[in-house]
Amino acid sequence: MNELSGLTVTVLRFGFLLLLWLMIFSVVGAMRRDLVIGRKTKVGTPTARQARRHPELVDAPPVRAQARTLVVTEGPLSGRTLELSGTPILLGRAQEATLVLEDDYASGRHARLFPQGSRWFIEDLGSTNGTYLGDQQLTRALPVELGVPVRIGKTVIELRP
Amino acid sequence: MSQLQTVAKPRRNIELVLLILALVVGISANALVDLNLDRPFDSDFYSQAAVLTVLALGMHISLRFRAKYADPVILPIVVALNGVGLAMIHRLDLATDDTAGPRQWLWTTVAVLAAISVIWFLRDHRVLRRFTYISLIVSVVLLILPLIPGISAGDVNGASVWIRIGNNSFQPGEIAKITLAIFFAGYLSSNRDLILLAGKKIGPLQLPRVRDLGPMIVAWLASVGVLVFQHDIGTSVLFFGLFMIMIYVATSRISWVAIGLVLIAVGGFFAIRIFPHVGLRVNTWVHAFDPEVIGRGVGSSYQIVQGLFGMASGGLIGSGLGQGRPDIVPLANSDMIIASLGEELGMIGLFAVVLLYLLLITRGFRAALGTRDAFGKLLAVGLSFAIALQCFVVIGGVTRLIPLTGLTTPFLAAGGSSLLANWIIVALLLLISNAARRPIFTAPAKEPHVPAGEPPASGPPRTPVQTPRSIKTPSKKVISP
C-alpha cells in the first residue's frame, strides 16, 4: 500500500472525530422525543415552585372524600377496623405486618397499601394466591377507591371515609 | 412511582439507522488503524467487520421479535463502544505483536449471543424476582470461586479474582455484579416498608431492625470479603456503591447515603492502615510523579504516569488512530485503554466516548423511571449505576483523580468476562425498557370508581386487560406454607 500523504491522514483523523460526534448528535436527536416537554406530552407534574409562580399549571384537584379507615368486611378478622395515617400498610400473616391476617390463604407478606398524593394504592408483594381489587387480579400497583373490596385470601378489606 | 408517560412506538427503524452509524464508527476506526499504519486490509479487518455487523444485526432482529418497544438508542451506543474498543485492541496488537484482538472478537461473539438468548428466553425481567435469594447464593459462590485452590488462577497483578477454565481465565466477580443487583432489587422491592418503618428512630436517622437487614449484611460482608481476601479494591468499591445506591433509591432516605459514605471513609482509613496493598495504591497515587515511585518495582506509578504523558501528547485532537505510541503504557489494551484512546483520539474523541457512556446510563435510568414494577425500577437503576460507577472508577483512576484500581472499562477493555457481563446487563436494560415503553392496553372506562378527567397518579389509572404472559395466575388455591 502506498504511503498516505500527511494531508490525507489529517483529514481522516478529523473525519473520524466528526463521525464520533455525528453519532452522538444522532443519538441525542433520537432521544428528543422522550425529552420533549409540550402540552401534549406533558412529562411529570409541576414542582411546588412552578405551581406557586404559575397557578394555572396545576389542575384543580378533584374533590373526593379521603379514606380514613380500613375495614375488614369478610374473613377471620371480619369487623376489625384500622385507622389510616400517612404511612404505608403491610398486609399479611407475618408478625411484622401492620394488619396481621390470620388467614391460611394469605402469604406472609401479601400486599402493601400505600398513600400517594390523595389516594391509596394497593400493590401485591409476590403473594402465592394473589390480591384482587374488585374482581381483577393485581399485576401492578393500582389505586383503591372508597368502598371497593380488596380480596386477600379469604379476607376482604375496604377503605371507608 | 413516576408520572412519566412515553409515546408507545416501537422505533426499531430509528435503531437500525443508528446501528448502521455505530457500525460505520466501529469499522472505520479499524480501517483507519490499517490505513495509518500502512497495512493492507487483512483478514483481521474483514473478520472484525463481519463479526460486529452480524452480531449487531442479530441483536437488532431479536429485539424486533421479542422486545419491540425496547429503547432504540441503547444498542447502537453499545455497538459503537464495542467497535471502538475492538479497533483499539487491534491497533495495540499490531504494536505489541499480541493476539488480544481475535480473542476479543471471540468473546464479543459469546457475549452478544448470551445477550440475544437473554432477550429470547427471559422475555420479562419480572421472572428474575423469583430468584432473589438464589441470586444471593450464586453471588457468594461466584465470589468464593477464585479462592478455591483447584480452579483459582492465582495472584494476577496483585489480585486473585480469576478462575481458570481450560485455557481461558474468567473473572466470576463480573457476573456476581448482575446477580447481586438482582438480589438487592428483589429484596428491597419486597422489604422496603419494613426497612423504612420498623426500627428505632435516633434523631433524624431511622435505624432499621437488625433482622430486617440480615441479607443486606451478608451482601456487605461479601464486598468487604472481596477486599480482604482477593485484594481487589475496584470490585469492592463497585459492590458497596451498588448496595448503597439501591437502598437509597428504594427508601429515598439521604441518611443511607450519609451512613454509607461514613462507612466508606472509616473502611478506607482502616484499609489503608491494615492492608499494605491498599496503602501502596494510595501512596502511588499521591506521589505518582516522584522518580523514586515511578522507578520502584512493586507499586510503581510508571503505568499511570505513562498514561498521563500519552494523553498529554494526544492533546486536544489526538495523534490519530495508529499514529501515537499508546503501547508504551503497560496493560494499554485493558486497564489503560482510556489513556490509549485519549492519546490517539485526543480530548475531543475521549469526551465523545465518555458522553456515549453518559447517554447509555441515562437511558438505563429512563427505563427505570418508565417501568411500572418496583423490582424493575430498582434493577434498572442498579445495573446502570454499576456501569456508571465502573466508568468513574476506571476513568478517574487513569486520569489520576482517584487511585487506580483494577476495574475494566465496560465494552472497551480487552477482557472476556467483563464483556459478557456488560452485554447481559444491556440485554436486561433493553428488556426493562421494553416493559417501560410498551403500551398498556386499556379497557373502556368501565370502572365507575375512577372519576373522569383525572390526572394519572401512579401509572395509568385504568385497569390493564393484558396480563404479562410470564406471570402465571395460580389455577387453584394453595395454602401457603
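So you know, we letter chains A, B, ... as the sequences are listed, proteins then strands, and number each from 1.
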Which heavy atom in [X] sits nearest to a heavy atom in [Y], and how many Å separate them?
X	Y	result
A:Phe16	B:Val25	CE1-O, 3.4 Å
B:Gly349	A:Leu17	CA-CD2, 3.6 Å
A:Ile24	B:Ala352	CD1-O, 3.3 Å

Tell me, side chain or backbone of [X] under 4.5 Å from chain A's heavy atoms, or both, or neither?
X	result
B:Ile317	both
B:Glu15	neither
B:Ile348	both
B:Pro76	both
B:Ala22	both
B:Leu345	both
B:Val73	side chain
B:Val24	both
B:Phe375	neither

Could you tell me the separation between the [atom1] atom of [X] and the [atom2] atom of [Y], rounded to the nearest 0.5 Å?
X	Y	atom1	atom2	value
A:Met31	B:Asp71	CE	CG	8.0 Å
B:Ser190	A:Asp124	OG	CG	11.0 Å
B:Leu356	A:Trp21	CG	CH2	8.5 Å

message = Counting heavy-atom pairs under 4.5 Å with chain A, which one of B:Ser319, B:Gly322, B:Gly346 comes out on top?
response =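 Looking at each option in turn, the highest pair count goes to B:Ser319.
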
request  = Can you establish whether the number of heavy atoms outside B:Arg12 located under 6.0 Å from its atom CZ is more than 12?
outcome  =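 Yes, because the 6.0 Å sphere around CZ of B:Arg12 holds more than 12 heavy atoms from other groups.
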
inquiry  = A quick test of your reading: do over 12 heavy atoms of other residues, nucleotides or ligands sit less than 6.0 Å from CZ of B:Phe351?
reply    =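 It does not: B:Phe351 CZ has 12 such atoms or fewer within range.
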
query = Is it true that a side-chain atom of B:Arg372 and a backbone atom of A:Ala141 form a donor plus acceptor pair closer than 3.5 Å?
reply =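 Flag not set: sc B:Arg372 to bb A:Ala141 has no pair under 3.5 Å.
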
query = Under 3.5 Å, side chain of A:Arg109 to main-chain N/O of B:Asn191, donor-acceptor pair present?
reply =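 No; judged by distance alone, with no hydrogens or angles, the pair does not exist.
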
query = Step by step, would you call B:Arg192 with A:Arg112 a side-chain contact (heavy atoms from CB on, under 4.5 Å)?
reply = CA-CA 10 Å; B:Arg192 182 174 43 178; A:Arg112 173 174 176 266; 3.0 Å; yes

task = Carefully, step by step, assess A:Arg13 and B:Glu344 under the rule side-chain contact (heavy atoms from CB on, under 4.5 Å).
result = CA-CA 9 Å; A:Arg13 191 171 77 181; B:Glu344 303 219 313; over 6 Å; no

Best-contacting candidate, A:Leu125, A:Leu19, A:Leu90, against chain B by heavy atom pairs under 4.5 angstrom =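 Most heavy-atom pairs under 4.5 Å with chain B: A:Leu19.
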
request  = Under the side-chain contact (heavy atoms from CB on, under 4.5 Å) rule, what do B:Leu35 and A:Val9 come out as? Steps first, then yes or no, please.
outcome  = CA-CA 9 Å; B:Leu35 276 177; A:Val9 169; over 6 Å; no

task = Before giving the answer on side-chain contact (heavy atoms from CB on, under 4.5 Å), spell out for B:Leu21 and A:Met23 the whole-Å C-alpha distance, their side-chain angles and the decisive distance to 0.1 Å.
result = CA-CA 6 Å; B:Leu21 197 58; A:Met23 166 90 201; 4.3 Å; yes

